[in-house]
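We count ligands from 1, going down the list as the structure has it; atoms in each ligand are counted the same way.
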Amino acid sequence: MPTRKKIGLIGAGNIGGELARLFANKELGDVWLYDIAAKENFAKGKALDLEQNGAVLGYDSNIRGTANWADLEGADVLVVTAGIPRKPGQSRDDLVATNLPIIRDVANNAKKYAPNAFVIVISNPLDAMVYEYKRVVGAPKNLVVGMAGVLDSARFTLFIAREAGVSVKDIRTTVLGGHGDDMVPVLSHTTVNGIPVTKFIAQDKLNAIIDRTRKGGGEIVNLMGTSAYYAPASSAVAMAESYLLDQKRVLPVATYLDGEYGYKDLFIGVPAVIGGKGVEKILELDLTEDEKGLLKKSAASVQAVVDVVKKST
Ligand code: APR
């Protein structure tokens with residue numbers, strides 16, 4: 001008998017709600033929206049609203065709110081947004097002190113109730129939180145990833161498409177490294193359907209686009225007073241969909257490196273094939289010396305936050 005996949009969303013806030021809407025709308029499975037006890041009714045209300053939305057839009061996914069981890073037993077996919085988002089003036093790294101105990105709480109419960117799930121962490125500071133999640137759960141490296149690169153590449157794509165006057169669908173690009181202001185948009189692999197982007201946009205404009213991409217999250221925090229949620233949720237759903245449907249999409253994800261690109265025991269963003277086994281392959285791009293240097297700097301920033309996390313165990 002075919003059964004629906006079980007999708008657990010840990011954190012029923014802004015990203016959690018949008019994730020639930022997208023998962024249900026695509027009928028990728030039944031959705032549990034989990035939040036802490038103080039937010040249980042909020043999670044239940046949001047779930048009910050979203051389930052009623054299905055009666056308008058025509059999807060049949062069940063959506064439930066809960067504050068009970070037992071409801072997540074045997075989940076196939078978990079997406080973790082538990083934590084506090086940024087406020088204007090804060091960097092992602094400023095969130096370590098608040099979000100570290102939260103990610104540990106989530107990981108300890110996930111280890112008990114859904115140890116075999118494919119897990120996508122979104123909570124910030126992303127690369128350190130996903131590292132800590134994997135460490136606590138002891139999960140295999142192919143089953144735990146962080147969502148950053150799909151979002152950062154989408155921002156880069158949008159700015160390029162608008163400047164070049166072409167569709168977002170025809171931009172091919174990737175962003176490597178940590179999900180911080182020194183992330184590495186990779187110009188040498190950026191094309192408009194195979195044509196180098198430098199044929200469309202002058203270098204000074206490209207430099208400005210790279211700078212805007214790096215600060216893309218902060219730009220929205222400054223405007224809204226909290227962090228983005230539509231594009232982050234879509235990015236995580238693209239990753240989950242590739243896993244659930246074994247699509248084998250090549251997506252930039254924060255994945256555990258074990259020597260690739262010269263880094264070990266570190267999560268940073270690199271292109272990977274996501275299929276039914278999770279991270280099935282990490283792709284190593286040929287980078288220019290300049291790009292290698294930028295990646296080294298970005299990896300060092302991630303390592304510094306991971307070191308803070310390690311010290312507080
Ligand atoms: N377990 C589960 N949920 C938790 C826990 C916990 N231990 N602690 C807090 N939460 C919940 C909060 O109650 C809140 O409902 O996480 C939810 C976070 O939702 P929002 O505050 O709306 O934040 P959101 O915009 O969804 O971002 C969440 O993703 O992009 C990152 O920087 C962002 O770290 C932040 C996270």
Side-chain angles (χ1 to χ4, degrees), residues 8-23 31-47 50 65-72 75 78-114 119-133 136-137 145-152 154-155 178-181 183 215-237 239 254 269 305 309:
L9 306 179
I10 315 304
N14 285 336
I15 304 180
E18 180 63 6
L19 283 168
R21 195 183 71 77
L22 291 168
F23 275 116
V31 178
W32 282 96
L33 255 179
Y34 173 91
D35 213 300
I36 52 174
K39 298 281 280 288
E40 183 173 16
N41 281 342
F42 178 77
K44 286 188 165 158
K46 203 175 245 200
L50 284 162
T66 185
N68 180 3
W69 263 96
D71 286 328
L72 300 167
L78 292 180
V79 186
V80 180
T81 62
I84 310 292
R86 281 197 281 173
K87 297 193 177 50
Q90 278 189 312
S91 78
R92 293 184 181 91
D93 294 349
D94 292 334
L95 302 175
V96 177
T98 18
N99 287 353
L100 183 57
I102 292 175
I103 209 80
R104 285 182 177 152
D105 168 56
V106 171
N108 279 315
N109 281 297
K111 183 176 179 169
K112 186 165 168 204
Y113 291 103
V119 181
I120 302 171
V121 175
I122 303 185
S123 310
N124 275 311
L126 187 269
D127 309 274
M129 293 301 106
V130 66
Y131 180 94
E132 184 61 5
Y133 182 97
V136 173
V137 175
V145 291
M147 188 296 293
V150 177
L151 172 64
D152 297 328
R155 288 174 175 153
H179 189 44
D181 290 353
M183 66 180 77
K215 297 173 187 152
E219 182 178 356
I220 291 176
V221 173
N222 287 336
L223 289 166
M224 288 206 300
T226 190
S227 51
Y229 45 97
Y230 295 114
S234 300
S235 303
V237 170
M239 293 161 69
V305 185
V309 168

Nearest to [atom] by heavy atom, [options]: which?
{"atom": "atom 1 (N) of ligand 1", "options": "Y34, F42, Y229", "answer": "Y34"}
{"atom": "atom 19 (O) of ligand 1", "options": "G13, P101, A12", "answer": "G13"}
{"atom": "atom 16 (O) of ligand 1", "options": "A148, G83, A233, A236", "answer": "G83"}

- How are the rings of W69 and Y113 set relative to one another: parallel (under 30°), tilted (30 to 60°) or perpendicular (over 60°)? parallel
- Query: Would you say the side-chain atoms of D94 pair up with the backbone N or O of S91, donor to acceptor, closer than 3.5 Å?
  - Reply: yes
Tell me, which protein residue and heavy-atom name are nearest [atom], and how many Å apart are they?
{"atom": "atom 34 (O) of ligand 1", "value": "N124 N, 3.1 Å"}
{"atom": "atom 11 (C) of ligand 1", "value": "D35 OD1, 3.3 Å"}
{"atom": "atom 5 (C) of ligand 1", "value": "I36 CG2, 3.5 Å"}
{"atom": "atom 23 (O) of ligand 1", "value": "P85 CG, 3.5 Å"}
{"atom": "atom 36 (C) of ligand 1", "value": "T81 O, 3.3 Å"}

What I'd like to find out is whether the side chain of [X] reaches to under 4.5 Å of the side chain of [Y], using heavy atoms alone.
{"X": "N124", "Y": "R86", "answer": "no"}
{"X": "R92", "Y": "D181", "answer": "yes"}
{"X": "L151", "Y": "H179", "answer": "yes"}
{"X": "R21", "Y": "V237", "answer": "no"}

Less than 4.0 Å is my threshold; does some heavy atom of [X] fall inside it relative to ligand 1?
{"X": "I84", "answer": "yes"}
{"X": "N99", "answer": "yes"}
{"X": "P232", "answer": "no"}

- Any nitrogen or oxygen of T226, main chain or side chain, under 3.5 Å from a nitrogen or oxygen of ligand 1? no
- Message: Using a 4.0 Å heavy-atom cut-off, which part of I15 comes near ligand 1: side chain, backbone, both, or neither?
- Response: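 Answer for I15: both.
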- Subset of ligand 1 atoms that lie under 4.0 Å from at least one heavy atom of S123: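 Answer, ordered by atom number: 29 (O), 34 (O).
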